[in-house]
Every structure is written in structure tokens, then in C-alpha cells.
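Here is the structure we will look at, set down as C-alpha cells.
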2 protein chains.
Amino acid sequence: MKIGELSRATGANIETIRYYERIGLLPAPARTAANYRSYGPAHRSRLSFVRHSRELGFTIEEIRSLLDLSDDPARDCGEADRIATAHLGQVEAKIAQLVLLRDELARIVGRCRGGIAADCRVIEALGDHSRCESQH
Amino acid sequence: MKIGELSRATGANIETIRYYERIGLLPAPARTAANYRSYGPAHRSRLSFVRHSRELGFTIEEIRSLLDLSDDPARDCGEADRIATAHLGQVEAKIAQLVLLRDELARIVGRCRGGIAADCRVIEALGDHSRCESQH
DNA sequence: CTTGACCCTGTAGTTGCTACAGGGTGCATA
DNA sequence: TATGCACCCTGTAGCAACTACAGGGTCAAG
């Protein structure tokens with residue numbers, strides 16, 4: 001299949017596919033006589049793996065490690081679990097941070113009663129961190 | 001005050017302060033005979049405003065608009081409220097997305113029982129989006 | 001034989017910084 | 001007076017993970 005078909009099949013955009021090849025995340029495929037990239041099912045499933053992992057927020061380097069593992073089926077699964085668990089921890093930390101931030105923002109937004117900027121509680125609050133209830 | 005003092009006073013790092021000046025977020029300060037930047041209290045509070053807004057996740061462009069508003073105290077406060085409310089909405093959307101993602105990750109991580117990569121549920125789950133319970 | 005959809009390479013832009021390299025300044029100490 | 005050290009300057013390049021061209025080639029249909 002050509003790159004456009006692979007793109008439609010996986011949801012990854014064409015430039016992204018070429019980018020993944022350039023950084024060595026996807027192997028360079030065979031080429032047709034016209035120098036078009038020609039992909040098989042193995043490319044397709046590898047790319048799906050990459051896109052799905054990216055959607056789950058794994059970094060390219062984490063995905064590289066996960067792919068290394070899946071390329072070598074004899075290796076220990078603990079490493080994959082360790083990467084995923086660490087990532088889960090990061091997502092949880094990010095959520096906790098955003099929740100604090102949301103609460104702070106909600107407090108700030110809730111204070112606006114209209115009027116002119118000179119009296120604006122929003123602008124005032126942004127200039128004065130000491131009024132915040134949490135550290136962000 | 002010199003740039004190092006401003007940096008200590010606001011928590012912004014020196015390179016960041018110069019960056020804000022370069023992109024026009026902070027006005028260029030006066031210079032000493034030795035060509036050192038020389039800041040006053042107005043710079044300090046403007047920079048605090050910027051840093052605090054960044055910590056709350058506002059983009060540089062949003063901050064630019066907020067600063068424009070606070071530079072012109074006669075203007076309507078509604079604009080500031082609109083920006084902050086929109087941002088709050090984005091933060092809430094991001095939280096919702098991360099919560100889905102966390103749940104999906106937790107499901108994936110919870111399935112690992114050790115063993116070799118060939119049997120790894122983590123790797124298997126990453127390769128197969130159709131097993132996910134949510135769209136991410 | 002031309003139109004349009006597709007493909008190629010290579011480079012530059014995005015956001016919000018951060019990190020040099022290579023130089024100048026200012027003050028204290030030997 | 002020399003010299004060390006902390007600080008400052010400009011300009012450029014790097015980070016993540018793409019995305020967006022520019023400028024060209026290929027191929028099938030009408």
C-alpha cells in the first residue's frame with residue numbers, strides 16, 4: 001500500500017509517517033519503480049501501535065523502548081510494565097496539577113462582575129499570586 | 001534593578017526575561033552606561049503578571065491580550081473575563097481527556113502479570129485500540 | 001495532451017522556553 | 001597592578017512532535 005492508503009488506514013497523517021521514518025521509529029519501506037513508498041501489514045500494525053501509544057500520551061522515546069521490547073518477544077515484560085506505570089504516574093500528577101489550576105481559575109473567573117478593566121478582578125488576581133489558595 | 005535581581009524577585013529565569021522582551025511582552029528597559037538592562041517596579045509587576053498567568057496555563061498570546069487590557073484601564077472588563085472563561089473551559093476539557101486516558105492506562109497496566117514480551121498484555125493493548133473502552 | 005490526484009525531497013515554522021559560545025563589565029582580593 | 005569571579009551582553013541553536021510549504025516527479029482518466 002502507498003503512503004496515502006496507510007495514512008487513511010491508521011489515521012496518521014502523511015507528513016507524520018515520513019517523520020516517523022526519518023527519526024527511525026518506522027523502518028524505511030521498499031520503494032516502487034517510481035520511488036513511491038510501499039508498505040505491508042507489518043508497517044501498518046507498527047504504525048497503529050505508535051499512534052495508539054501517542055494518543056495515550058507516551059513520548060516517542062518511550063514508544064521506541066516499547067517497540068524494542070515487542071520486537072524481541074523473549075524479553076522480560078517487566079520493562080513494558082515499568083514504562084506504562086511510570087507514565088500512568090505522570091498522567092495522574094498532571095491531572096492533580098490541572099485540578100488545582102482549574103479551581104484557581106474558577107475562583108478568579110467567578111469574581112468578575114463586569115465593568116471597566118481598572119476594577120477588573122480577573123486582571124487584579126493575575127497580577128497577585130499571593131491571593132491564590134494553592135501553589136501552581 | 002539588574003536582570004539578575006529581577007529574576008530572583010519574580011522567579012523568572014534570566015533567559016526567559018530576555019525572551020519576553022524579544023517577543024514584545026515586556027518593554028525594553030533603560031540601559032546603564034555598561035549596557036546593562038535596568039528595571040523598575042513597573043517592569044517587576046508586569047513580569048509577575050506574566051509569570052503568574054503562565055503558571056495558570058495562559059498562552060503568550062492570551063497574556064498579550066490581558067496585558068493590553070490592563071494597560072488601558074478604561075476598557076471593558078468583559079474581554080478579560082471572556083479570555084479567562086475560555087481558558088477555564090480548555091483546562092476542564094484537558095482534565096476530562098486525561099481522566100479517560102488515565103483510566104485506559106490503569107486498565108492496561110493492571111493486566112500485566114509479568115512474563116515475557118510475547119505474552120505481554122501491555123504491549124498487546126497498545127497495539128490494539130479496539131480493546132479500549134473510551135475514545136482518546 | 002492536459003488535468004488532477006497523488007507522491008518525492010528538503011527545509012522552515014510552531015510554542016515557550018533553555019543552553020550555549022564568545023565576548024564585555026565591575027568589584028574584591030593578593 | 002593583576003587576577004579572579006560573578007555578573008551582564010548578543011546571537012544562534014536546540015528541545016518535542018509534529019505541520020506546512022516549495023518545487024518538483026508520476027500516473028490514470030477524459
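Order of the sequence lines fixes the chain letters, A, B, ..., with proteins taken first and strands second; residue numbering starts at 1 for each chain. Being a predicted model, the structure only gives us computed values, none of them experimental.
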**Nucleotide nearest A/R37 when distance is taken to its side chain, options C/dT11, D/dC9, C/dC8** = C/dC8
**Asked** Over how many whole Å does the gap from B/I17 atom CD1 to C/dG16 atom C1' extend?
**Response** 15 Å
**Prompt:** When you check the gap from the basic side-chain N to the acidic O, do A/R18 and A/E15 get nearer than 4.0 Å?
**Reply:** yes
**Complete:** B/R31 CZ to C/dT25 P, in whole Å, measures 13 Å
**Message:** If the cut-off is 4.0 Å, is A/R54 near the phosphate of D/dC18, judged by side-chain N/O to OP1 or OP2?
**Reply:** yes
**Cationic N near anionic O, under 4.0 Å, A/R82 to A/D76** = no
**Message:** By nearest atom, which of the nucleotides C/dG16, D/dC7, D/dT26 is closest to the A/Y36 side chain?
**Reply:** D/dT26
**Whole-Å distance separating the CD1 atom of A/I14 from the P atom of C/dC6** = 8 Å
**Lys/Arg-Asp/Glu bridge criterion (N-O < 4.0 Å) met for A/R64, A/E61** = yes
**Asked** What nucleic acid atoms does A/T32 come within less than 4.0 Å of, heavy atoms only: base, sugar-phosphate, or nothing?
**Response** nothing
Enumerate donor-acceptor pairs with a distance under 3.5 Å from any side-chain N or O in residues 33-44 of chain A to protein atoms, sequence neighbours excluded.
from, atom 1, to, atom 2, distance (Å)
A/N35, OD1, A/R31, NH1, 3.3
A/R37, NE, A/E21, OE1, 2.7
A/H43, ND1, A/G40, N, 3.3

**Salt bridge flag under 4.0 Å for residues B/R121 and B/D128** = no
**Item:** 5' priority, DNA chain C, between A/S38 and B/Y19 [closest heavy atom]
**Value:** A/S38
**Message:** Using a strict heavy-atom distance below 4.0 Å, which residues from residues 2-9 of chain B are in contact with DNA chain D?
**Reply:** B/K2, B/I3, B/G4
**Fill in**
Separation of D/dA16 atom C1' from A/I63 atom CD1, nearest Å, is 12 Å
**Request:** Examine D/dT10: is either OP1 or OP2 under 4.0 Å from a nitrogen or oxygen in the side chain of B/R18? Give yes or no.
**Result:** no
**Side chain of A/Y20 (C-beta onward), nearest among D/dC9, D/dC18, C/dC8** = D/dC18
**Request:** With side chain to side chain donor-acceptor pair (under 3.5 Å) as the test, would you mind laying out the steps for A/Y20 and A/R51 before giving the verdict?
**Result:** CA-CA 10 Å; A/Y20 287 161; A/R51 285 313 304 163; 2.7 Å; yes
**Request:** Measure from the side-chain N and O atoms of A/H52 to the backbone N and O of B/L126, and report whether any donor-acceptor pair falls under 3.5 Å.
**Result:** yes
**Prompt:** Are any of B/T16's side-chain N or O atoms less than 4.0 Å away from OP1 or OP2 of C/dT18?
**Reply:** yes
**Request:** Measure the distance from CD on A/E55 to P on D/dA17 and round it to the nearest whole Å.
**Result:** 15 Å
**Item:** Nearest-Å distance for atom pair CE/P, residues B/M1 and D/dC8
**Value:** 11 Å
**Item:** N/O (side chain, A/R51) to phosphate O (OP1/OP2, D/dC18) under 4.0 Å
**Value:** yes
**Request:** Mind calculating the distance between CD (A/E15) and P (D/dA17) to the nearest angstrom?
**Result:** 18 Å
**Asked** Below 4.0 angstrom, N of the basic side chain to O of the carboxylate: do A/R107 and A/E104 qualify?
**Response** yes
**Message:** Tell me whether the side-chain N/O atoms of A/N35 come closer than 4.0 Å to OP1 or OP2 in D/dG25.
**Reply:** no
**Prompt:** Just checking B/I23: base, sugar-phosphate only, or nothing, at a heavy-atom cut-off of under 4.0 Å?
**Reply:** nothing
**Request:** Would you indicate which nucleotide in C/dT18, D/dT19, C/dT9 comes nearest to any side-chain atom of B/R22?
**Result:** C/dT18
**Fill in**
Whole-Å distance, B/E21 CD to C/dG16 C1', equals 17 Å
